[in-house]
Amino acid sequence: AQTVTQSQPEMSVQEAETVTLSCTYDTSENNYYLFWYKQPPSRQMILVIRQEAYKQQNATENRFSVNFQKAAKSFSLKISDSQLGDTAMYFCAINDYKLSFGAGTTVTVRA
Amino acid sequence: DTAVSQTPKYLVTQMGNDKSIKCEQNLGHDTMYWYKQDSKKFLKIMFSYNNKELIINETVPNRFSPKSPDKAHLNLHINSLELGDSAVYFCASSQVLVAGLDADEQFFGPGTRLTVL
């Protein structure tokens, strides 16, 4: 059974628009951490944002924000004011005792 | 000032050969990892070491053997390479290992693309 599910294989967004990537996860732990990583064509894995499960407040990092719904085990990522440099594959991940990744969502920002 | 470095970046070899990928981190982290990213971009943990001690060993063939000479290095040796071993291998490091503790960000190396012919 997959621990992290990303249901959108691909998303396309116009520059300056907003796009939301969905992620659901499964864990039996009460204390865990959630991450969104970005992998551009260079293949370098870059941390975008992280969320501690015990914090109710949604994390934000500049144009990136999350909607964390613990009861629903949902952790979506919103990219606001999309830029061409945001074009990449985005991975949702949970760390409850090891880091487990979703299958990824390819985001293409159109000029 | 590369935080996590891997060598080589590309590795092309014949089936049946033995090869190694080296990883070094200069962040002073205690924990290091190896991940495999397959052709569909799916990333999966293979091993983790904490202070040179093996902590996580996922269901990986025993042809894969990690070796940690010190906590700044975690090398991956692969014996009798098979076609299915073709993938991108990522090394990563973090300050702490999650076990009810604060989970630090994992810093990833640039990856090694292994192609087995």
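These numbers come from the heavy atoms of this one structure, side chains and all, not from hydrogens, waters or symmetry mates.
- Here the straight-line distance linking atom CD of A/Glu61 with atom CZ of A/Arg50 works out to 10.0 Å at 0.5 Å rounding.
- Heavy atoms only, all atoms of each residue included: B/Gly28 and B/Gln25 are closest at N-OE1, 3.2 Å.
- Neither the backbone nor the side chain of B/Phe107 comes within less than 4.5 Å of any heavy atom in chain A.
- A/Glu15 places no side-chain N or O within 3.5 Å of a backbone atom of A/Val109 that could act as its donor or acceptor partner.
- Contacts from residues 63-90 of chain A to chain B, taken as heavy-atom pairs separated by less than 4.5 Å, involve A/Met89 in sequence order.
- The two atoms that bring B/Asp18 and B/Ser80 nearest to each other are OD1-N, 2.8 Å, heavy atoms only.
- Only the side chain of A/Phe91 comes within contact range of chain B, with heavy atoms under 4.5 Å apart.
- At distances below 3.5 Å, at least one donor-acceptor pair connects side-chain atoms of A/Thr27 with backbone N or O atoms of A/Glu29.
- Rounded to the nearest 0.5 angstrom, B/Asn62 CG and B/Phe64 CZ are separated by 10.5 Å.
- Cation-pi contact between A/Arg43 and B/Tyr10: present, with separation from the ring centre below 6.0 Å and deviation from the ring axis of at most 45°.
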